[in-house]
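Here is the structure we will look at, set down as structure tokens.
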Amino acid sequence: MTAVDFDAFVHKLATVSGEAILPFFRTALGVEDKGAGRGFDPVTEADRAAEQAMRRLIRETFPAHGIIGEEFDNVVGDAPYVWALDPIDGTKSFIAGLPAWGTLIGLLKGGDPVYGMMHQPFIGERFFGDGGVARYRGPAGERILSARDCRRLEDAILFTTSPRLMNTADRAAFETVEERVRLSRYGGDCYAYCMVAAGLVDLVIETGLQDHDIIALIPIIEGAGGIVTSWEGGSPVHGGRVVAAGSRRVHEEALRLLNA
């Protein structure tokens, strides 16, 4: 496939997932709890419908590609290309009627993230990147994304979905960073990472992520000039404890405090 063909295909995936999701948004949809006593972990028919639509299109177009997703079994085998799908990242915001959620579409080549998109169909925004460049397309037009080169942690804006999702030790480590930043806010899920790429947020610190939660966001942040790693400074591709930052100075200072 040419680059233009590939780009068109990913945008088509975003479109079909949005068409599956939007009829459910801000309606009295049923919500199931798949937390199994580990905390409220909601899933809806919108999640399942969107992932099924994307999986169907991938199988029709690239039958040899693997797929990992949130709602259905992973199909990977020895496929060199693997898609990572999270139909609604931010389901808790979704069921509350808040638009701070998005569809994540990522692509791995040989285990490395090479392309990612976050699509918010209600607002009509798409953030996408290939690790070398990142772009925005939405009501504000289309532009190249560039992370902010914040020089000091004390000047940084920090986001996390919720400290209550962290265990006691991780929450204490997070608080050492939170005490130093200019502004700390909770919520956002995938949107917070895209705001790092857009140069509006400087730092995101999370724990307990799955691979499909982060794979699509890595090429967007890196394409905008940012950095995303594990708390230990390694690859974040498998999820777990993740730190994303717009500048290396803020990233390094956050890692130092988290691992003190």
Salt-bridge present (Lys109, Asp112; N to O < 4.0 Å):
no
Residues at least two apart in sequence or cross-chain that pass side chain to side chain contact (heavy atoms under 4.5 Å, CB included) with Asp213, listed by chain then number, are Asp86, Asp89, Leu209, Gln210
Spacing of Cys190 atom SG and Met117 atom CE [to the nearest 0.5 Å]:
13.0 Å
Check whether Ile205 and Phe159 end up in the same hydrophobic cluster, where Ile, Leu, Val, Met, Phe, Trp and Tyr are linked by side-chain heavy atoms less than 4.5 Å apart.
no
Can you tell me if Asp130 uses its side chain to pair, donor with acceptor, with the backbone of Val133 under 3.5 Å?
yes
Rounded distance [0.5 Å steps], CE in Met54 versus CG in Leu104:
9.0 Å
Does any N or O in the side chain of Glu253 come within less than 3.5 Å of the main-chain N or O of Leu153, such that one atom is a donor and the other an acceptor?
no
Residue pair Val243 / Ala254: nearest heavy atoms and the distance that separates them
CG1-CB, 4.5 Å
Flag, side chain of Asp47 to backbone of Thr44, donor-acceptor distance under 3.5 Å:
yes
Note: Arg241-Glu206 ion pair, threshold 4.0 Å (strictly below):
no
Using the salt bridge (charged side-chain N to carboxylate O under 4.0 Å, His left out) rule, take Arg55 and Glu51 through it: C-alpha gap first, then chi angles, then the decisive distance, then the call.
CA-CA 6 Å; Arg55 283 175 177 258; Glu51 187 168 325; 2.9 Å; yes
Between Leu158 and Glu178, does a side-chain contact (heavy atoms from CB on, under 4.5 Å) hold up when you go through it step by step?
CA-CA 7 Å; Leu158 165 68; Glu178 186 177 33; 4.1 Å; yes
Looking at Leu200 and Arg148, what are the two nearest heavy atoms and their distance?
O-NH2, 3.0 Å
Looking at Arg126, is its backbone amide N or carbonyl O close enough to the side chain of Arg137 to form a donor-acceptor pair, meaning the two atoms are under 3.5 Å apart?
no
So Ile67 and Phe72, do their side chains get closer than 4.5 Å, heavy atoms only?
no
Can Asp202 and Ser247 be said to form a side-chain hydrogen bond (donor to acceptor under 3.5 Å, both in side chains), step by step?
CA-CA 7 Å; Asp202 302 296; Ser247 77; over 6 Å; no
Is there a donor-acceptor contact under 3.5 Å from the side chain of Asn167 to the main chain of Ala169?
yes
Search all heavy atoms of Arg249 against all heavy atoms of Cys150 and return the closest pair with its distance.
CB-O, 4.4 Å
Is there a side-chain contact (heavy atoms from CB on, under 4.5 Å) between Leu255 and Thr229 once you walk through the steps?
CA-CA 9 Å; Leu255 289 191; Thr229 70; 4.2 Å; yes
Please round to the nearest 0.5 Å and tell me the distance separating atom CG of Asp170 and atom OG1 of Thr207.
5.5 Å
Cluster check Leu258, Val181: I/L/V/M/F/W/Y, side chain < 4.5 angstrom:
yes
dist Ser235:OG -> Ile218:CD1 (nearest 0.5 Å) comes out at 6.0 Å
Is it the case that one hydrophobic cluster holds both Trp231 and Ile215, taking links as side-chain heavy atoms less than 4.5 Å apart, direct or via other members?
no
Is there a donor-acceptor contact under 3.5 Å from the side chain of Thr103 to the main chain of Pro87?
yes
Heavy atoms only: give me the nearest Pro99-Arg26 pair and the separation to one decimal.
CD-NH2, 3.9 Å
I'd like to know whether His119 forms a ring pair (Phe, Tyr, Trp, His ring centres under 6.0 Å) with Phe128, so could you lay out the CA-CA distance, the side-chain angles of the two residues, the decisive distance to 0.1 Å, and finally the verdict.
CA-CA 8 Å; His119 177 216; Phe128 48 102; over 10 Å; no
Could you see if Tyr115 belongs to whatever hydrophobic cluster contains Ile227? Use Ile, Leu, Val, Met, Phe, Trp, Tyr and a side-chain cutoff under 4.5 Å.
no
Between Pro236 and Ile214, which heavy-atom pair has the shortest distance, and what is it?
O-CG2, 3.2 Å
Which residues share a side chain to side chain contact (heavy atoms under 4.5 Å, CB included) with Glu252, sequence neighbours left out
Arg248
Less than 6.0 Å separating the ring centroids of Phe122 and Trp101?
no
State the NZ-OG1 distance between Lys12 and Thr61, to the nearest 0.5 angstrom.
6.5 Å
For residues Ile21 and Ile88, determine if any side-chain heavy atom of one lies less than 4.5 Å from a side-chain heavy atom of the other.
yes
side-chain contact (heavy atoms from CB on, under 4.5 Å) between Val82 and Ile68, worked out:
CA-CA 7 Å; Val82 178; Ile68 60 178; 4.1 Å; yes
Give every residue pair that meets the ring pair (Phe, Tyr, Trp, His ring centres under 6.0 Å) criterion with at least one member in residues 134-156, sequence neighbours excluded.
Phe127-Tyr136
Write down the atom of Lys92, the atom of Ile95, and the distance for their closest heavy-atom approach.
O-CG1, 3.3 Å
Worked check of salt bridge (charged side-chain N to carboxylate O under 4.0 Å, His left out) between Arg182 and Glu154:
CA-CA 5 Å; Arg182 171 176 290 180; Glu154 288 79 4; over 6 Å; no
I'd like to check Phe9 versus Ile58 (side-chain heavy atoms, cut-off strictly below 4.5 Å). Are they in contact?
yes
Tell me, do Leu85 and Ile105 make a side-chain contact under 4.5 Å, heavy atoms counted?
yes
Is the gap between the ring centers of Tyr81 and Phe62 under 6.0 Å?
no
Do Leu217 and Val228 touch side chain to side chain, with heavy atoms closer than 4.5 Å?
no
I'd like to know if Phe174 and Val250 are part of one continuous hydrophobic network [Ile/Leu/Val/Met/Phe/Trp/Tyr, side-chain heavy atoms within less than 4.5 Å].
yes
In the structure I gave you, are the side-chain heavy atoms of Thr91 and Asp189 within less than 4.5 Å of one another anywhere?
no
When you look at Met118 and Tyr193, which way does the side-chain contact (heavy atoms from CB on, under 4.5 Å) test go after all the steps?
CA-CA 10 Å; Met118 191 284 271; Tyr193 293 89; over 6 Å; no
